[in-house]
Amino acid sequence: MIALWIVLGIFALIALLLSLRLRIFLHWTPDGTLDIYAKYLFLTFRASDEPNDELVQQIFALLGLRDVGSVANAKHAIDTKGVSTTLTELGSVVKLLLDRVWWLLRRGVFRRFDLRIVAGEADAADAAYGYGLICAAVYPLIGMLDAGLRFRRRNVDIRCDFDSPHTTVEFFAQYNIRLWPVLRALLHVIRENTKRMLAKEKQGGKGNE
């Protein structure tokens with residue numbers, strides 16, 4: 001009976017951990033610096049300035065992107081499979097990843113979404129023209145995001161500064177999502193890539209018969 005309670009307690013703990021929120025932060029500063037980090041419970045995860053090459057290769061392989069994990073891998077893939085086959089396989093993997101990313105984005109919420117763009121150029125006419133182009137590109141995109149995603153706090157500020165010699169962009173976002181959809185999306189990607197690799201190996205085996 002005690003063993004049963006222990007097992008139930010473990011399952012309850014796992015369920016609790018999977019139901020807790022993962023907070024992902026993205027900050028792009030006006031000087032062009034990008035900072036991405038995540039927080040879960042009291043832990044903070046941030047990419048290292050000197051990433052572990054072996055770990056990066058394992059992540060790429062896990063996501064089905066082994067062929068572009070390094071220059072050597074890409075050259076080997078092209079030499080063995082050809083450019084067309086390599087690009088076709090890469091396209092299918094990227095499509096799968098983008099589909100899962102969009103799936104994840106729709107299951108979380110942006111607690112903060114702050115975008116500030118100040119259009120500026122040395123010439124006032126160029127600044128005004130650039131401001132028009134930015135508005136034409138950004139506002140339709142924001143409308144598409146509004147239709148498919150959830151925002152708690154969204155602020156988009158686009159303006160023109162005729163005294164500024166260049167355009168500056170600042171962006172900050174906090175995205176919250178429970179952990180279980182993240183694991184579900186990861187397992188889906190691994191399963192689909194495994195099926196693709198097994199199908200390719202099966203075709204290769206038939207070709208050698």
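Throughout, residue positions are numbered sequentially from 1 according to the sequence presented.
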Side chain to side chain contact (heavy atoms under 4.5 Å, CB included) between L97 and V189, intermediate numbers included: CA-CA 7 Å; L97 293 177; V189 171; 3.8 Å; yes
Looking at residues at least two apart in the chain, or sitting in another chain, which of them share a ring-ring contact (aromatic ring centres under 6.0 Å, His included) with H166? none
Where is the tightest heavy-atom contact between [X] and [Y], given as atom of each residue plus distance?
| X | Y | value |
| --- | --- | --- |
| A127 | C160 | O-SG, 3.7 Å |
| G130 | A119 | C-CB, 4.5 Å |
| P181 | W103 | O-CZ3, 3.4 Å |
| P30 | T168 | CB-CB, 4.3 Å |

So do the side chains of [X] and [Y] get within less than 4.5 Å of each other, counting heavy atoms only?
| X | Y | value |
| --- | --- | --- |
| R46 | D35 | yes |
| R178 | R107 | no |
| L96 | H188 | yes |
| I117 | T167 | yes |
| L26 | L34 | yes |

Kindly state each residue pair satisfying side-chain hydrogen bond (donor to acceptor under 3.5 Å, both in side chains) with at least one member in residues 12-33, sequence neighbours excluded. T29-D31, D31-T33
Quick check: are there more than 12 heavy atoms from other residues, nucleotides or ligands sitting under 6.0 Å from CZ of R111? no
By side-chain contact (heavy atoms from CB on, under 4.5 Å), which residues pair with S164, not counting sequence neighbours? D161
For R106, what residues pass the side-chain hydrogen bond (donor to acceptor under 3.5 Å, both in side chains) criterion, not counting sequence neighbours? none
Side-chain heavy atoms under 4.5 angstrom apart, residues restricted to Ile, Leu, Val, Met, Phe, Trp, Tyr: same cluster for [X] and [Y]?
| X | Y | answer |
| --- | --- | --- |
| L183 | L20 | yes |
| I158 | Y129 | no |
| V182 | L43 | yes |
| V118 | V156 | no |
| L105 | L115 | yes |

Pairs under 3.5 angstrom only: tabulate donor-acceptor contacts from the side chains of residues 6-14 to other protein residues two or more places apart or in another chain.
none

N/O donor to acceptor pairs below 3.5 angstrom from side-chain atoms of residues 137-153, sequence neighbours left out:
from	atom 1	to	atom 2	distance (Å)
D146	OD1	R154	NE	3.2
D146	OD2	R154	NH2	3.2
R150	NE	G108	O	3.4
R150	NH2	G108	O	3.2

From CA spacing to verdict: salt bridge (Lys or Arg N to Asp or Glu O under 4.0 Å), D157, R159: CA-CA 7 Å; D157 181 17; R159 62 184 63 187; 2.8 Å; yes
Do you know which of F45, Y175, F25 makes ring-ring contact (aromatic ring centres under 6.0 Å, His included) with Y37? F25
Please report whether the ring centroid of F113 lies less than 6.0 Å from that of F171. yes
